[in-house]
Amino acid sequence: ARTFQNIRLWHDLSVLDNIRIAQHSRMGYSAWDSFLRTKRYMEAEKRIDTTALELLEAMDLLRFKDELPRNLPYGLQRKVEIARAMSTKPKLLLLDEPAAGLSSSDVRGLIELVRWIHKNFPITIWMIEHQMTVVMSLCQWIKVIDFGRTIAEGTPEDIQANPVVIKAYLGDDQI
């Protein structure tokens, strides 16, 4: 699953429905089941609701379940987007500039959220991010790309001390 640099929520659906709809790729029933409201449909929808509510509770979003995302602060919208991605139960979570546009307090919350996800879910997390506070706080391994070319790979400590990275991102006078 992935999130986007620019948040892409369904703003005319509730937070709960945004989480529920992401699960429908694995709904387990046919269009006929849906139309006829079969037992298979009812059981699958109950599972989807339960999963969505449990995830919202775990991510401290349950109190916003009936809100429209457009009425939430930007930092909460980002959290809803991450929750929606997590509701698909991915093996890999790609976060595309998750800190883009966040305030410093929201960035701290994002760091804690990603740490919590890493601790509580069997998932690999890849992140594209430009805010070094986020990268250095969360990443165990970093790949630095400059104009489409890999210029360094390593631990946060390796990257911070790498003269090629320093030159590319801070300029010659920082070496």
> With a 4.5 Å heavy-atom cut-off, do Asn71 and His11 have their side chains touching?
no
> Do you know the tightest heavy-atom contact between Pro69 and Ser14?
CD-C, 4.3 Å
> Whether the side chain of Glu81 engages the backbone of Arg8 through a donor-acceptor N/O pair (distance < 3.5 Å, no angle test) should be reported.
yes
> Would you say Ser30's side chain and Trp32's backbone share a donor-acceptor pair under 3.5 angstrom?
yes
> Tell me who clusters with Leu68, hydrophobic residues only, linked when side chains sit under 4.5 Å apart either directly or through other members.
none
> List the residues meeting salt bridge (Lys or Arg N to Asp or Glu O under 4.0 Å) with Glu43, not counting sequence neighbours, and say none if there are none.
Lys39
> Can you hop from Ile82 to Phe4 via hydrophobic side chains spaced under 4.5 Å?
no
> Going by side-chain heavy atoms closer than 4.5 Å, which hydrophobic residues are tied to Ile21, directly or by a chain of links?
Trp10, Leu13
> With heavy-atom distances below 4.5 Å as the criterion, would you say the side chains of Ile123 and Lys91 are in contact?
no
> Could you state the interatomic distance from CD1 (Ile19) to CG (Leu55), rounded to the nearest 0.5 Å?
6.0 Å
> To check you understand the geometry: which heavy-atom pair defines the closest contact between Leu93 and Met86, and what is its length?
CD2-SD, 3.7 Å
> Does the side chain of Val135 come within less than 4.5 Å of Ile142's, by heavy atoms?
yes
> Would you tabulate the side-chain donor-acceptor contacts of residues 108-115 under 3.5 Å, counting partners in other chains and residues two or more places apart, or write 'none'?
| from | atom 1 | to | atom 2 | distance (Å) |
| --- | --- | --- | --- | --- |
| Glu112 | OE2 | Arg115 | NH1 | 2.9 |
| Arg115 | NH2 | Ser137 | O | 3.2 |

> By the salt bridge (charged side-chain N to carboxylate O under 4.0 Å, His left out) test, which pairs, at least two apart or in different chains, include something from residues 68-77?
Asp12-Arg70
> At their closest point, which heavy atom of Cys139 faces which heavy atom of Pro156, and how far apart are they?
O-CG, 3.1 Å
> Taking all non-hydrogen atoms of both residues into account, name the closest pair between Ala22 and Arg84 and its distance.
CB-CG, 3.4 Å
> Can you list every salt bridge (charged side-chain N to carboxylate O under 4.0 Å, His left out) pair that touches residues 142-153, not counting sequence neighbours?
none
> For Asp17 and Arg20: C-alpha separation, side-chain torsions, deciding distance, then whether salt bridge (charged side-chain N to carboxylate O under 4.0 Å, His left out) applies.
CA-CA 5 Å; Asp17 286 339; Arg20 291 178 75 249; 3.5 Å; yes
> Could you pull out the closest heavy-atom pair between Gly75 and Asp106, with the gap in Å?
CA-OD2, 3.6 Å
> For side-chain contact (heavy atoms from CB on, under 4.5 Å), just list the numbers for Ile128 and Leu95, CA-CA rounded to whole Å, side-chain angles, deciding distance to a tenth of an Å, and then say yes or no.
CA-CA 6 Å; Ile128 299 166; Leu95 302 174; over 6 Å; no
> With a 3.5 Å distance limit and no angle check, can you tell me whether Asn162 reaches the backbone of Ile159 through a side-chain donor-acceptor pair?
no
> Can you list everything that forms a ring pair (Phe, Tyr, Trp, His ring centres under 6.0 Å) with Tyr29? Sequence neighbours excluded, please.
Tyr41
> Test of understanding: clusters of I, L, V, M, F, W, Y form through side-chain heavy atoms closer than 4.5 Å, transitively. Do Met59 and Met127 belong to the same one?
yes
> Taking it one step at a time, do Asp96 and Arg2 satisfy salt bridge (charged side-chain N to carboxylate O under 4.0 Å, His left out)?
CA-CA 7 Å; Asp96 185 0; Arg2 69 164 298 187; 3.1 Å; yes
> Determine whether Leu36 and Ile48 fall in the same hydrophobic cluster, where Ile, Leu, Val, Met, Phe, Trp and Tyr are linked whenever their side-chain heavy atoms lie under 4.5 Å apart.
no
> How long is the gap from CD on Gln140 to CD1 on Ile125, to the nearest 0.5 Å?
9.5 Å
> Looking at Met136, I want to see if its CE is surrounded by more than 12 non-hydrogen atoms of other residues, nucleotides or ligands under 6.0 Å.
yes
> Compare all side-chain heavy atoms of His24 with those of Glu45 and state whether any distance is below 4.5 angstrom.
yes
> Check whether any side-chain heavy atom of Gln160 sits under 4.5 Å from a side-chain heavy atom of Ile166, and report yes or no.
no
> Quick one: CD1 on Ile145 to OG1 on Thr150, what's the gap to the nearest 0.5 Å?
5.0 Å
> Does one hydrophobic cluster hold both Met132 and Leu102, with members joined at side-chain heavy-atom distances below 4.5 Å?
no
> How long is the span from the CD1 atom in Ile117 to the CG atom in Leu138, to the nearest 0.5 Å?
10.0 Å
> Side chains of Leu16 and Phe64: closer than 4.5 Å at any heavy-atom pair?
no
> Under the side-chain contact (heavy atoms from CB on, under 4.5 Å) rule, what do Glu67 and Leu76 come out as? Steps first, then yes or no, please.
CA-CA 11 Å; Glu67 288 288 333; Leu76 282 175; over 6 Å; no
> Check the hydrophobic clustering (I, L, V, M, F, W, Y; side-chain heavy atoms under 4.5 Å; chains of links allowed) and say if Val164 and Val144 are grouped together.
yes
> If you compare all heavy atoms of Gly154 against all heavy atoms of Asp158, which two are closest, and at what distance to 0.1 Å?
CA-OD2, 3.8 Å
> Of all residues at least two apart in sequence or in a different chain, which pass the salt bridge (Lys or Arg N to Asp or Glu O under 4.0 Å) check with Arg63?
Asp60
> Phe121: which residues meet the ring pair (Phe, Tyr, Trp, His ring centres under 6.0 Å) condition with it, sequence neighbours left out?
Trp116
> Is there any side chain to side chain donor-acceptor pair (under 3.5 Å) pair reaching into residues 118-133, and which pairs are they, with sequence neighbours excluded?
Glu97-His130
> Hey, could you give me the CG/CD distance between Leu9 and Gln77, rounded to the nearest 0.5 Å?
6.0 Å
> For Asp33, give me all partners under salt bridge (Lys or Arg N to Asp or Glu O under 4.0 Å), at least two apart in sequence or on another chain.
Arg40
> Considering residues at least two apart in sequence or located in another chain, which fulfil the salt bridge (Lys or Arg N to Asp or Glu O under 4.0 Å) criterion with Asp66?
none
